[in-house]
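This report refers to the structure that appears directly beneath it.
Atoms within a ligand are numbered from 1 in the order they appear, just like the ligands themselves.
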Amino acid sequence: MAKSKTQFTCSACAATYNKWSGRCEACGEWNTITEEAPFSAGPAGSSLGTTKGRTIELSDLSTEETPPPRTVSGVAELDRVLGGGLVPASAVLVGGDPGIGKSTLLLQAAARFARMGLKTIYVSGEEASAQVRMRAQRLGLTESPVKLAAETNLRDIMTTLEAERPQLAIIDSIQTMWSDTVSSAPGSVSQVRAAAHELTAFAKRKGIAIILVGHVTKEGQIAGPRVVEHMVDTVLYFEGERGHQFRVLRAVKNRFGPADEIGVFEMTGRGLAEVANPSALFLSDRGTPSPGSVVFAGIEGTRPVLVEFQALVAPSPTPQARRTVVGWDSGRLAMILAVLESRCDVPFAGLDVYLNVAGGMKVSEPAADLAVAAALVSAREDSALPADTVVFGEISLSGALRSVSQTENRLKEAQKLGFTTALAPKGGKAPTVDGITSNRVGDLASFVSEVFGAGHKAKD
Ligand code: TYD
Ligand code: MG
C-alpha cells in the first residue's frame, strides 16, 4: 500500500483528496477542505497473512435470546423517532445547527430517562456545569437524578464512565472532545472520528447507550456530524427554521427501527414541548384561501402530516428570473416547472418563482409534486383552491400522475382536520374515506385545465 504523508479531507462529508481545492466535489460545499494527517496509517508494507490470527467462532442467525428491552423516555415524540425507545449498548448521533435546541432536548431527555430508572451521565464539553445547572433549573429538571460533568478529555471521560458504569451517557458535543492519541486539533476530522470511534466501541463493549451531539458546521475548520454517521446505529437530525418555534427531530438512519420517522416539538420559554398533532399546528394560522396556497396531505415515517405549500409568482425585474425554495428540493421545483411548461403549456419564463413550506417544515416526499404544481399554477393564475381541499400525487416527466402510498392514511388525516375534498392521481387502489370526496385525475394537463382552467386544453 502506498504511504501518503498528508491528505486533504472535507470537514463536511469526510471525502479525501490528495490535493487541496476550494470546493468539495463530493458534497459541493465550499472551503471545507483542510489538510489532515492520515487517520490511521497502519503497519506499512506487509500483508496480514492467514497464520497469526485466531479463528473467530461463527454462529448462525437463529437465536434463543430475546431482544434486550428498550427504555422509553415517556416523551412520545422522541421514543417514536428512536424506533420505540432507547436500545441498550447502542450509539445515537443527534445532529443539528448550533442553537437549534440539541442541548435542551438532550437535557430534557436525560432527565426523563433518569426518572425511568436509567443511570444517566451528561457530559458537556461546551458549557460549564453551572451553565447546564442553570438551564436545568429553567427547565424545572433540578430534581432529576442525572449526573453531570463538564469535560473534553476523552481519556478522563472514558475512565469515569468505566468507574461509574452508567446505562446512558450523553456527550455534548463530539466536536469538543479530544483524544491524546491523535495529534490534530479538537474539531478536526481525525479527532472527531477518533473520539466517535472510541466512544461507540466503548459503549458496545460495556453495554452503555451513548448519545453524541454533533453541530452542523458551515466553515471548514470544524468537522460536521456526517463524518461519523457511518459509525453509529442511529442518526437523528434536529431541524427547524430560526424564528419559528417548531422543531422536527428526524431519523435519517436507524438500525433498530424505521428511518424517516419524525418527532415534532415546540420551543417554549420552558424548553421543548411535544406536539402530538403536528398537522393542526402547521395549518394553525391559515386564513381565508389565497392564491398560491395549497394543503398537501403528506406522510412522515408512519404518520400523516398536513402542511401548507405557498407559492408566489411575479414578473421578474431582471433578465435572470429567480427560483427560491424554502423547505423543498430546488431541483425538484425546476423539474415541475419544466413539466408544467412543456406538457401543460403553462410558461414560467420571465417570472420569479418563490416556494415555501409554511411553519419551517422540510418536505422530501415526491408525493408533494402535485401540491407544488397546484400552488404554482394557483399563484400564476391568481386563482385560489377551495379551503377544504388537500392535494397529493407524484408527477412524472411525461406529465402523467402516479399514485402514492398510504392514500387511506392521508385521506383520514385530512378528514380529521375538516377537509372534504382530495385532488389525487388516478390508478392504484382507491380507498374511500367517509366525508372526503376524491377527485382523481390522470395527468397534469387535465388537472391544470380542470382545476384552474389554464394550459393548452383551455386555450382557444
Ligand atoms: P440549545 O439547546 O443551547 O441549542 P444547541 O445545543 O443546539 O446549540 O438551545 C438554544 C436556544 O434555545 C436558545 O436560542 C434559546 C432557546 N431556548 C428556549 O427558547 N427556551 C428554553 O427553555 C431553552 C433552554 C432554550
Ligand atoms: Mg448545545
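Salt bridge absent: R226 and E29 never bring a charged side-chain N and a carboxylate O closer than 4.0 Å. Of the charged side-chain nitrogens involved, none lies within less than 4.0 Å of a carboxylate oxygen, so that E164 and K147 do not count as a salt-bridged pair.
When non-hydrogen atoms are compared, ligand 1 lies under 4.0 Å from the side chain of R135 (C-beta onward) but not from its backbone. The part of M267 lying near ligand 1 is the side chain, judged by heavy-atom distances below 4.0 Å.
In summary, of the residues considered (D260, T234, D233), a side-chain hydrogen bond (donor to acceptor under 3.5 Å, both in side chains) with N254 occurs for T234 alone. Tested against L141 for a side-chain contact (heavy atoms from CB on, under 4.5 Å), the candidates R133, R115, R112 yield a single pass: R115.
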Passes salt bridge (charged side-chain N to carboxylate O under 4.0 Å, His left out), R303 versus E413? Steps please. CA-CA 9 Å; R303 223 168 24 157; E413 178 80 357; over 6 Å; no
How far apart are the C-alpha atoms of D172 and S124, what are their side-chain angles, what is the distance that settles it, and do they pass the side chain to side chain donor-acceptor pair (under 3.5 Å) test? CA-CA 5 Å; D172 186 2; S124 177; 5.0 Å; no
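Figure legend: R380 and F348 shown as a cation-pi pair, the cationic atom lying under 6.0 angstrom from the six-membered ring centre and within 45 degrees of its axis.
Across the listed options T268, T104, D97, T104 owns the non-hydrogen atom lying nearest to atom 1 (P) of ligand 1. Of the options G140, A136, G271, G101, the smallest heavy-atom separation from atom 4 (O) of ligand 1 is shown by G101.
In this structure, atom 15 (C) of ligand 1 has no protein heavy-atom contact shorter than 4.0 Å. Protein non-hydrogen atoms do reach within 4.0 Å of atom 24 (C) of ligand 1.
In terms of polar-atom proximity, defined here as any N/O pair under 3.5 Å, G99 does make such a contact with ligand 1. Between H215 and ligand 1, not a single N/O pair is under 3.5 Å apart.
The contact set between ligand 1 and S103, taken as ligand atoms under 4.0 Å from a residue heavy atom, comprises 2 (O), 5 (P), 6 (O). For ligand 1, the atoms closer than 4.0 angstrom to any heavy atom of L139 are 22 (O), 24 (C). Within the listing of ligand 1, atoms 8 (O) sit less than 4.0 angstrom from a heavy atom of P98. With ligand atoms numbered from 1 in the order given, ligand 1 contributes 22 (O) to contacts under 4.0 Å with heavy atoms of R270.
Because the distance cut-off is set at 2.8 Å, T104 fails to qualify as a neighbour of the Mg ion (ligand 2), as none of its N, O or S atoms comes that close.
R138 NH2, 3.3 Å is the protein heavy atom nearest to atom 21 (C) of ligand 1.
Side-chain contact annotation: E308 with S293, donor-acceptor N/O pair under 3.5 Å present.
Looking only at side-chain heavy atoms (C-beta outward), L86 and F256 stay at 4.5 Å or farther from each other.
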